[in-house]
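Order of the sequence lines sets the chain letters (A, B, ...), proteins ahead of strands, with each chain counted from 1.
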Amino acid sequence: MSQKKEASLLRLVVVLTCIALVAGMALTGVYALTKDRIEAAQKAKKEMALNLVLPDFKGTLKDTTITPDGEDDPVLAHIALNDDGSLFGLAVETFTKKAFDGRFDLMVGFDADGSIINTEVIDASETPGLGDKINKDKSNFAKQFNGQDPATYKLSVKKDGGDVDAITAATISSRAYCDAVQRAYNVYQKVKEGNNE
Amino acid sequence: MSKWNILTKGFFKENPSLILVLGTCPTLAVTTSVNNAIGMGAATTFVLLMSNILISLLKNVIPDKVRIPCFIVIIATFVSMVDLLIQGFVPALSASLGVFIPLIVVNCIVLGRAEAFASKNGVWDSILDGLGMGIGFTISLILIATVREVLGAGAFMGHQFIPADYNILIFVLAPGAFIVYGFIMALVRHILNKVEAKRKAKCAVAK
């Protein structure tokens with residue numbers, strides 16, 4: 001390559017532009033090819049999470065967005081109503097920004113009394129082997145929330161004076177998980193207030 | 001160098017992570033489990049193979065002055081493709097490898113082979129080189145991941161056989177990665193030196 005003549009400026013620009021152009025087109029193609037599948041995979045995951053956090057629920061879901069006090073980002077909540085119109089529970093698509101990797105998304109299900117039915121990770125990219133133990137197939141960490149009522153169960157890790165056993169070597173992820181569940185509970189309380197009014 | 005040598009030199013003699021010490025970041029980061037190691041190895045091998053092919057085809061078109069930006073664009077395109085394909089077709093793997101797939105772009109093994117081999121050799125040789133280096137990278141990831149997963153999590157490929165109470169947690173953590181990496185590197189070098197010494201001794205006898 002070094003024996004070649006010095007290439008002109010025009011040639012440098014043309015070659016680099018052409019390569020970038022072809023690369024862009026190839027990426028567009030792959031994106032179009034995989035877009036539906038990625039969306040379907042995410043939707044399936046969300047529906048599965050809904051089934052997991054509100055098991056045995058047969059009624060209708062009413063979607064609402066709620067912005068917790070003192071925050072900017074709205075949270076999507078699915079109000080689960082029984083066929084007779086009474087409240088079955090609530091599924092909240094909550095999130096945290098205190099995660100090790102910035103942000104992760106959770107789905108939290110509450111029953112009509114405000115106890116947590118189940119929690120499920122929707123989208124997280126915590127460190128493999130450490131923070132990813134928030135997933136139920138990796139450790140029992142997330143299971144300790146099930147059946148707890150946040151009115152009496154303090155949602156922070158034991159190190160911070162709460163009731164939650166943190167994951168060893170992943171305190172930040174554990175704290176973030178508590179933060180997300182707490183945000184979900186705040187949304188639950190707001191929905192409950194709205195229903196009573 | 002024979003074709004066979006071009007392919008196999010990446011396995012041990014010029015193993016990218018154990019001998020050339022390239023691509024250390026993914027080597028240390030994803031080797032917490034054998035499944036992650038295999039997924040990462042396969043993704044890197046694919047990117048290495050495709051970028052080697054394309055760069056060796058374009059080596060006479062790309063002017064010397066802009067070769068690095070051209071290589072990076074080509075590599076980044078293949079990495080983004082792999083990322084999208086994994087998200088679409090194997091969402092479970094994308095969940096466990098997380099940010100490390102997009103980070104293949106800055107894996108110096110890929111750029112290193114493009115610069116050192118594919119930009120100077122023909123397509124066939126570059127294919128063999130890319131495959132060999134990719135397989136070598138995968139072998140070293142699997143070696144490290146096996147030790148770390150067995151000692152740290154008491155499992156192999158996700159199948160637990162030692163109860164969690166008897167696991168040595170440090171091997172799953174970052175320091176354990178460095179320890180295992182160092183020992184395996186030393187072991188492989190020791191074996192290679194022995195093999196080399198034996199070969200030399202044989203040559204001397206033949207003379």
Side-chain angles (χ1 to χ4, degrees), chain A residues 1-42 44-45 100-102 104 121-133 135 137-140 167-170, chain B residues 29-33 35-36 39-40 54 58-67 69-92 94-101 119-120 145 148-149 152-153 158 164 167 169-174 176-177:
Chain A
M1 259 170 97
S2 51
Q3 274 136 21
K4 261 189 312 186
K5 260 194 313 191
E6 186 81 349
S8 68
L9 183 67
L10 183 70
R11 188 154 167 248
L12 301 185
V13 174
V14 168
V15 170
L16 193 51
T17 313
C18 284
I19 287 179
L21 211 66
V22 173
M25 285 195 297
L27 267 186
T28 318
V30 175
Y31 177 73
L33 195 78
T34 53
K35 188 170 164 267
D36 292 339
R37 287 195 72 107
I38 293 174
E39 271 171 11
Q42 274 163 354
K45 216 172 167 190
F100 203 72
D101 195 49
F104 62 69
V121 177
I122 304 176
D123 186 24
S125 40
E126 297 294 280
T127 322
L130 295 172
D132 72 343
K133 291 204 172 116
N135 290 298
D137 54 340
K138 299 261 166 64
S139 86
N140 287 330
I167 303 167
T168 314
Chain B
V30 303
T31 49
T32 49
S33 74
N35 286 341
N36 283 357
M40 187 67 189
L54 208 63
L58 293 175
K59 66 176 186 287
N60 291 324
V61 184
I62 298 174
D64 226 15
K65 260 187 188 162
V66 290
R67 68 182 196 285
C70 290
F71 295 169
I72 291 287
V73 170
I74 291 169
I75 294 165
T77 310
F78 283 119
V79 172
S80 310
M81 278 183 189
V82 170
D83 192 23
L84 287 172
L85 289 171
I86 289 182
Q87 275 181 38
F89 292 90
V90 245
S94 134
S96 69
L97 289 178
V99 292
F100 293 111
I101 291 291
S119 66
K120 299 188 182 99
R148 290 183 67 191
E149 198 181 354
N167 297 339
L169 189 73
I170 190 168
F171 285 107
V172 189
L173 307 180

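In this structure, the side-chain contact (heavy atoms from CB on, under 4.5 Å) partners of S139(A), at least two apart in sequence or on a different chain, are K133(A), F141(A). Residues meeting the side chain to side chain donor-acceptor pair (under 3.5 Å) test with N140(A), sequence neighbours left out: K143(A). Residues passing the side-chain contact (heavy atoms from CB on, under 4.5 Å) test with A41(A), sequence neighbours excluded: P91(B).
Heavy-atom distances place the side chain of A169(A), and not its backbone, under 4.5 Å from chain B. For S33(B), no part lies near chain A; criterion is any non-hydrogen pair under 4.5 Å.
With R11(A) contributing its side chain and V61(B) its backbone, the two residues share a donor-acceptor pair below 3.5 Å.
The only member of T34(A), L27(A), L33(A) that meets side-chain contact (heavy atoms from CB on, under 4.5 Å) when paired with M81(B) is L27(A).
Using a 4.5 Å cut-off between non-hydrogen atoms, the part of residues 83-90 of chain B that approaches chain A consists of L84(B), L85(B), Q87(B), G88(B), F89(B).
Nearest heavy-atom pair across P63(B) and V15(A) is CD-CG1, 3.7 Å. The heavy-atom pair separating T77(B) from A23(A) by the smallest distance is OG1-CB, 3.0 Å.
Note that CD1 of I62(B) and SG of C18(A) are 11.5 Å apart. Values are rounded to the nearest 0.5 Å.
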